[in-house]
Peer 1: 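Provided herewith is a single structure, encoded as structure tokens, for subsequent inquiry.
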There are 2 protein chains.
Amino acid sequence: MQPERQRQLSTAEERRETVLRTAIGAFAARGYFGTTTTEVAKAAGISQAYVYRLFTDKEALFVAVVEHCFVRVRASLEAGAAGARGSSPEAVLSAMGDAYAHLISDKDLMLVQLHAQAATVSEPAVREAVRAGYARTVEYVRGASGGDDRQVQEFFAVGMLCHLVVSMDAGAVDAPWTRTLTAGIRHY
Amino acid sequence: MQPERQRQLSTAEERRETVLRTAIGAFAARGYFGTTTTEVAKAAGISQAYVYRLFTDKEALFVAVVEHCFVRVRASLEAGAAGARGSSPEAVLSAMGDAYAHLISDKDLMLVQLHAQAATVSEPAVREAVRAGYARTVEYVRGASGGDDRQVQEFFAVGMLCHLVVSMDAGAVDAPWTRTLTAGIRHY
DNA sequence: GTTGCATGTGAGTACTCAATCACTCACACT
DNA sequence: AGTGTGAGTGATTGAGTACTCACATGCAAC
């Protein structure tokens with residue numbers, strides 16, 4: 001027998017990544033204030049006490065989750081843009097929008113962004129993370145698409161409208177007003 | 001002396017209105033989960049116990065606050081539209097946007113809307129209130145402006161972008177990315 | 001002025017939450 | 001086998017939390 005990987009303990013770094021991944025699902029439903037560290041621990045399959053060995057406190061945990069979300073969003077935009085390199089700004093923005101629509105077909109990622117935006121008001125650390133996340137994302141979208149201010153702004157405005165539609169689950173309501181708001185918004 | 005109003009006790013209905021008005025400021029900072037009923041009581045100048053005589057529970061209180069916000073938003077849009085009656089859809093939408101910008105120069109109203117949107121995910125009663133609020137608002141904007149689906153959708157997309165900008169306090173950050181996001185967004 | 005009812009509160013209850021700590025166990029290395 | 005270190009947990013704590021209830025007070029009508 002080879003000395004194949006058989007240990008039952010993970011490294012702290014692996015655990016941290018597991019927590020970041022699974023905590024998205026936990027925070028998605030009830031946000032920063034409404035989600036307990038016990039729920040996060042359960043989602044990651046560890047004890048609540050151990051959460052505090054991996055992250056200094058609940059705020060640091062949430063901030064790490066938010067940063068993780070922004071990284072994933074950017075990765076998805078990059079993948080989308082890669083398929084339309086050299087095209088017109090409109091085409092690149094459309095490809096990015098499409099990639100993003102795929103990314104958030106699982107709603108949790110988007111919901112965490114929404115909750116982070118709300119928590120921003122009272123939690124300075126979260127505000128810094130969200131600002132930094134949008135700063136990088138806006139500049140990336142501008143650079144990769146070559147679009148002007150107007151186009152980039154519209155890209156994010158539509159993204160925000162998307163957040164509204166998803167949070168209300170407007171897709172589940174068939175009415176003129178939901179059709180107006182969701183018109184042309186891709187979802188998979 | 002006339003029998004002028006001199007009583008020190010309010011009617012329950014008056015108190016309820018006071019609570020709705022002042023609770024906006026309380027909920028604005030930390031949202032549904034993060035705000036305590038004690039804070040709401042303090043803001044209204046009554047005891048925490050009495051909050052529960054005026055509203056059946058915290059959820060009903062928050063829902064009432066959210067509905068109150070939507071009423072105020074609609075009133076402000078109506079006032080804006082009144083000043084541009086008979087003009088082109090673009091002009092009416094612009095007047096509405098201007099009225100809304102004035103309304104939310106005090107950020108609390110907008111922040112409550114944002115927090116309500118977030119709470120929507122896990123609180124069905126809040127979801128219903130938010131859906132009903134947007135349903136009426138979308139139809140009002142459509143009817144009063146005479147704009148088509150595309151214009152109405154953009155009106156709300158810009159509104160959502162506005163929420164993002166205010167929640168992050170992007171106006172306080174002077175950088176290319178904030179200038180891109182806030183370009184053309186009125187604030188007073 | 002006393003009766004009846006609505007307004008309003010102080011002092012709780014039962015519970016949950018973030019955070020801590022003493023502790024056990026797994027593993028690599030000698 | 002022995003030892004040092006990092007992974008991981010059960011039990012607990014102290015500070016809130018939503019919500020309740022017995023009781024007080026204001027006020028109008030008779």
Side-chain angles (χ1 to χ4, degrees), chain A residues 1-23 26-27 29-66 115 119 122-126, chain B residues 1-23 26-27 29-66 115 119 122-126:
Chain A
M1 281 227 212
Q2 284 139 302
E4 69 183 73
R5 186 76 194 294
Q6 191 66 29
R7 34 180 300 143
Q8 35 184 324
L9 294 183
S10 305
T11 67
E13 203 44 55
E14 281 171 344
R15 278 290 189 213
R16 248 185 287 268
E17 273 158 39
T18 305
V19 172
L20 289 187
R21 229 180 325 109
T22 58
F27 280 117
R30 302 164 71 89
Y32 176 61
F33 293 109
T35 305
T36 69
T37 57
T38 306
E39 286 164 2
V40 172
K42 199 167 292 179
I46 59 175
S47 70
Q48 185 248 7
Y50 197 47
V51 171
Y52 281 85
R53 296 269 268 206
L54 300 173
F55 300 91
T56 60
D57 57 11
K58 190 186 176 183
E59 185 178 75
L61 163 65
F62 187 67
V63 166
V65 170
V66 170
H115 283 296
S122 62
E123 304 301 301
V126 177
Chain B
M1 280 228 213
Q2 284 138 302
E4 69 183 74
R5 184 76 193 294
Q6 190 67 29
R7 36 179 297 144
Q8 33 184 325
L9 294 183
S10 305
T11 68
E13 204 43 55
E14 283 171 345
R15 278 291 190 212
R16 248 184 288 267
E17 274 157 37
T18 306
V19 172
L20 289 186
R21 232 181 322 108
T22 58
F27 279 118
R30 301 165 73 89
Y32 177 61
F33 293 108
T35 305
T36 68
T37 56
T38 306
E39 286 165 2
V40 172
K42 199 166 293 178
I46 59 174
S47 71
Q48 187 247 10
Y50 197 48
V51 172
Y52 281 85
R53 294 267 264 196
L54 300 173
F55 300 91
T56 60
D57 56 12
K58 189 185 176 182
E59 186 179 75
L61 163 65
F62 187 66
V63 166
V65 170
V66 170
H115 283 295
S122 61
E123 303 301 302
V126 177

Peer 1: Expressed in angstrom and rounded to an integer, what is the separation of B:Lys58 atom NZ from D:dT17 atom C1'?
Peer 2: 8 Å

Peer 1: When you measure from the side chain of A:Lys58 to the backbone of A:Thr35, do you find a donor-acceptor pair of N or O atoms at a distance under 3.5 Å?
Peer 2: yes

Peer 1: Between A:Arg53 and D:dG6, does any side-chain N or O lie under 4.0 Å from OP1 or OP2?
Peer 2: no

Peer 1: Rounded to the nearest Å, what distance is computed from the CZ atom of residue B:Arg30 to the C1' atom of nucleotide C:dC17?
Peer 2: 14 Å

Peer 1: Are A:Gln48 and A:Thr38 close enough that a side-chain donor and a side-chain acceptor fall under 3.5 Å?
Peer 2: no

Peer 1: Rounded to the nearest Å, what distance is computed from the CD atom of residue B:Glu39 to the P atom of nucleotide D:dA15?
Peer 2: 18 Å

Peer 1: What I'd like to find out is whether the side chain of B:Val66 reaches to under 4.5 Å of the side chain of B:Phe27, using heavy atoms alone.
Peer 2: no

Peer 1: Rounded to whole angstrom units, what separation is found between the CZ atom of B:Phe55 and the C1' atom of D:dC19?
Peer 2: 16 Å

Peer 1: So, do B:Val19 and B:Leu61 sit near enough that their side-chain heavy atoms are less than 4.5 Å apart?
Peer 2: yes

Peer 1: Parallel, tilted or perpendicular for B:Phe62 and B:Tyr32, by the 30°/60° rule?
Peer 2: tilted

Peer 1: Check the distance between C:dA22's P and A:Tyr52's OH and give it to me in whole angstrom.
Peer 2: 18 Å

Peer 1: Which of these nucleotides, C:dT9, C:dT20, D:dT17, is closest to any side-chain atom of B:Thr36?
Peer 2: D:dT17

Peer 1: Can you measure A:Phe33 atom CZ to D:dA18 atom C1' for me and round it to whole angstrom units?
Peer 2: 17 Å

Peer 1: If you only use heavy atoms from C-beta on, which nucleotide in C:dT20, D:dT20, C:dA19 is closest to the side chain of A:Asp57?
Peer 2: C:dA19

Peer 1: How long is the line joining NZ of B:Lys42 and C1' of C:dT9, in whole Å?
Peer 2: 15 Å

Peer 1: Tell me the interatomic distance from A:Tyr50, atom OH, to C:dC23, atom C1', rounded to whole angstroms.
Peer 2: 15 Å

Peer 1: Does C:dG8 have OP1 or OP2 under 4.0 Å away from a side-chain N or O of B:Ser47?
Peer 2: no

Peer 1: Counting only side-chain heavy atoms from C-beta out, which of C:dA18, D:dA18, D:dT9 sits nearest to B:Gln48?
Peer 2: D:dA18

Peer 1: Which part of the nucleic acid, if any, lies within contact of B:Thr56, taking any heavy atom under 4.0 Å across all strands shown: a base, the sugar-phosphate backbone alone, or nothing?
Peer 2: nothing

